Amino acid sequence: MDVDMIFKIAAIGIIVAVLNQLLIRSGREEQAMMTTLAGLIVVLSMLITQISGLFESIKSLFGL
Amino acid sequence: MNIVSLCAVAVLTSILVLSLRRHNAEISFLSAAAGCVLILISVLVNMSSLYDTLRDILSASGIKLSYITILLKALGICFLTEFACDMCIDAGQRALAGNISLAGRLMIVLSAIPLYKEIIDTVLSLTGGSG
């Protein structure tokens with residue numbers, strides 16, 4: 001894992017926020033919500049592997 | 001990663017989270033979580049050599065290996081529950097945080113039960129009780 005990960009997540013957040021605003025302005029609330037949800041799921045799936053790596057390393061290090 | 005870059009990562013992540021919170025609160029929280037995981041992983045990678053040294057010192061002092069294992073297991077439980085507790089507090093879930101911290105304490109007590117048994121056996125053998 002690298003610092004790039006944090007920047008990547010922040011970039012996804014900015015892109016999703018811009019898309020959300022655009023879609024709401026053009027009157028497509030459902031699609032805006034779907035975009036937000038998709039961004040959230042993408043970031044979550046990126047983060048889940050990292051968190052599981054952290055838990056695995058703690059488990060192997062401390063013999064849990 | 002040295003301490004300077006760790007501090008830089010922490011400050012930078014907080015700035016990112018602050019600037020993102022207004023537009024996208026969920027992803028700003030996830031970004032903070034990514035920062036936490038990054039810092040904790042890089043610290044733990046450095047800690048593995050410290051861990052080996054600690055284990056060598058403790059086993060050289062003549063303490064039983066099972067006791068050392070229990071001690072280090074308690075340390076690991078502390079790390080895990082602290083991380084989960086802080087994440088829950090950040091997400092605004094104080095009840096979950098309190099519960100997970102209570103669960104961590106109980107798990108530590110549970111894994112230390114063999115030590116209590118040992119103490120009770122020693123006391124009983126000293127006082128001559130038959131148990």
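Quick note on labels: first sequence line is chain A, next is B, and so on, each numbered from 1. Just so it is clear, the structure is predicted and the values come from calculations on it, not from any experiment.
Using a 4.5 Å cut-off between heavy atoms, B:L44 touches chain A through backbone and side chain atoms alike.
For the atom pair CG of B:L50 and CG of A:L61, the computed distance is 9.5 Å after rounding to the nearest 0.5 Å. B:L16 CG to A:I9 CD1: the interatomic distance, rounded to the nearest 0.5 Å, is 10.0 Å. Here CZ of A:F7 is found 7.5 Å from OG1 of B:T13. Values are rounded to the nearest 0.5 Å. Here the NZ atom belonging to A:K8 is positioned 13.0 Å from the OG atom belonging to B:S31, to the nearest 0.5 angstrom. To the nearest 0.5 Å, atom CD1 of residue A:I41 and atom CD of residue B:E26 are 11.5 Å apart. Interatomic distance, OG of B:S28 versus CD1 of A:I14, reported as 11.5 Å (0.5 Å rounding).
A 6.0 Å sphere centred on CE of A:M46 holds more than 12 heavy atoms belonging to other residues, nucleotides or ligands.
Between chain A and the residues B:L80, B:L40, B:T69, the most heavy-atom pairs under 4.5 angstrom are made by B:L80. Contact tally against chain A (heavy-atom pairs below 4.5 Å) for B:V9, B:V17, B:N24: the top residue is B:N24.
The two atoms that bring A:I58 and B:G76 nearest to each other are CG2-O, 4.0 Å, heavy atoms only.
With hydrophobic clusters built from ILVMFWY side chains whose heavy atoms lie under 4.5 angstrom apart, B:Y67 shares a cluster with B:L54. B:I100 and A:L54 are not part of a single hydrophobic cluster, where members link through side-chain heavy atoms under 4.5 Å apart. The cluster map of Ile, Leu, Val, Met, Phe, Trp and Tyr, joined by side-chain heavy atoms under 4.5 Å apart, puts B:L96 and B:F79 in different clusters. No path of Ile, Leu, Val, Met, Phe, Trp and Tyr side chains, each step under 4.5 Å between heavy atoms, connects B:L106 with B:L110, placing them in separate hydrophobic clusters. A continuous path of ILVMFWY side-chain contacts below 4.5 Å connects B:I63 to B:L72, so both sit in one hydrophobic cluster.
Among the candidates A:L47, A:I12, A:I6, the single residue satisfying the side chain to side chain contact (heavy atoms under 4.5 Å, CB included) test with B:L30 is A:L47.
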Next item on the list: Start with the C-alpha distance between A:F62 and B:I77, add both sets of side-chain angles, then the distance that settles side chain to side chain contact (heavy atoms under 4.5 Å, CB included), and finish with yes or no.
Entry: CA-CA 8 Å; A:F62 295 103; B:I77 293 174; over 6 Å; no
